Protein chains: 2
Amino acid sequence: MGSPVKRKDILLQRRREILAAAADLFSRGGYHGVTMDAIAQRARVSKGNLYWYFGSKQEMFQLLFEDIVQTLVGPLVDIMESEWPPRQKLRALASACLDAAEANPEAVRLLWRIAIQPELGELLSAQYSKRIGPFIDYLKPIFTALGDDDPDATAMLYAVSLDALMALAVIGGDTYDRAKLMSVIEKVFMNFGGEKDDQSCLGSSG
Amino acid sequence: MGSPVKRKDILLQRRREILAAAADLFSRGGYHGVTMDAIAQRARVSKGNLYWYFGSKQEMFQLLFEDIVQTLVGPLVDIMESEWPPRQKLRALASACLDAAEANPEAVRLLWRIAIQPELGELLSAQYSKRIGPFIDYLKPIFTALGDDDPDATAMLYAVSLDALMALAVIGGDTYDRAKLMSVIEKVFMNFGGEKDDQSCLGSSG
DNA sequence: GTCTATATTCGGATAGAC
DNA sequence: GTCTATCCGAATATAGAC
């Protein structure tokens, strides 16, 4: 019969299920647009039971947000720490962003939403801002290496464009054409007269 | 004493004041995140009085949204209808977007928010989508004229980047450097080997 | 652990005096 | 036109049985 380990697994599993339901709903309705009733219904548990797993609606939302940031920026970290040549890094970053966006549209929705306006005070958006700054700093030397004469501005535009492309991946519908976008990004952001340093090797998607 | 005309003006003026208060609040909190109490307080009228001017919270929100779309896309129309050469048009469009974003941060917040997820059914976001498609179509021949060999994708990326830059103008803080951004846009989006067609003549801001 | 009440506050909207 | 008072449904959270 169920060992205590297994029991704990089931417990954590339920927690995850509830959080998944909440993630889906929050990403569409935002914090205020979603009721505990709705979450309970979607997760197939009673509303009272929700409060056995989580202390409050707010706690759920914050846990969720941390998960989401992790989900979206996690894949980027590996690339950033790699030793690849500049163009390949830029390509891989863009590709990873689109992968993440296609795989987690709710995460993108929620992240953008919180970026554009914190729903729970400033703490969440601060967490986001803390990421984008270093990311831009990381991009600067890459564009320098590509021969760009104003890497700061290009890095800014690149970072922001990636965010926007993730949004497009989620809401673009027919407008969104991944392959075309990848090639335009390459053409537009990686032609500063610097020498070519590599050939493509990424770009697959789900 | 007050002519009937003047009275009506005062009435409309109050209406505008209330809407302005509502715009500010809605742009931060979204539809569900703002209470009629809060709007009343900010507009310095009683909550009951709000309902003399507007039928419901929802009506206020919808009116507001139409205003906002108008505010943001209005300036673009003039440029789109002009007979300027391609580069100048692109420059002017970007500049106008940044102007509009700097002058109406609440509008940008609200527009992005609704774009990323409709709060009141699909009708509002549909209204937005209806704008972006034609805008991209409008951009295509411009990039063709510039010698771009994939104008569709470039147009898509350009449109999306402008949206992102408006967001950056609102939430970027120190990160946002308008002058630099304008020059990067020019470098990045207007160098396809086509001949130069003009010199700058725009770029002022508030 | 999971459920069914239920307490309680909040928020949109209305009534009606002035 | 503007206010105060109030109705009433909805939503967060708790209590307590099983």
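It should be emphasised that the depicted structure is a prediction, and the values quoted were computed from it without experimental measurement. Chain letters run A, B, ... following the sequence lines, proteins first and then strands; every chain starts at 1.
Taking NZ of Lys140(B) as the reference point, atom CE of Met156(B) lies at 7.5 Å (rounded to 0.5 Å).
Asn104(A) contributes no side-chain N or O that, together with a main-chain N or O of Ala107(A), makes up a donor-acceptor pair within less than 3.5 Å. For Gln13(A) (side chain) and Asp9(A) (main-chain N/O), no donor-acceptor pair under 3.5 Å exists by modelled atom type.
Between Phe143(B) and Phe189(B), the ring planes are tilted. Angles from 30° to 60° get that label.
Using a 4.0 Å cutoff on non-hydrogen atoms, the parts of residues 12-29 of chain A near DNA chain C are Arg14(A), ordered by number.
Atoms CD (Glu59(A)) and P (dT12(D)) sit 15 Å apart, rounded to a whole Å. Between the C1' atom of dG1(D) and the CG atom of Asp9(B) lies a distance of 16 Å, rounded to the nearest Å. Rounded to an integer number of Å, the gap from Leu50(A) CG to dC3(C) P is 10 Å. Atom CZ in Phe54(B) sits about 15 Å away from atom C1' in dT2(D), given to the nearest Å.
Listed here is the closest heavy atom pair of Phe135(A) and Met80(A): CD1-SD, 3.9 Å.
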**OP:** Would you mind building the protein contact string for nucleotides 12-18 of chain C? One character per nucleotide, 5' to 3', B for base within reach (heavy atoms under 4.0 Å), S for sugar-phosphate only, - for untouched.
**Re:** BBB----

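Comment: Arg178(B) engages Asp99(B) in a salt bridge, judged by a side-chain N to carboxylate O separation of less than 4.0 angstrom. Between Lys187(A) and Asp148(B) there is a salt bridge, with a side-chain nitrogen of the basic residue lying less than 4.0 Å from a carboxylate oxygen of the acidic one.
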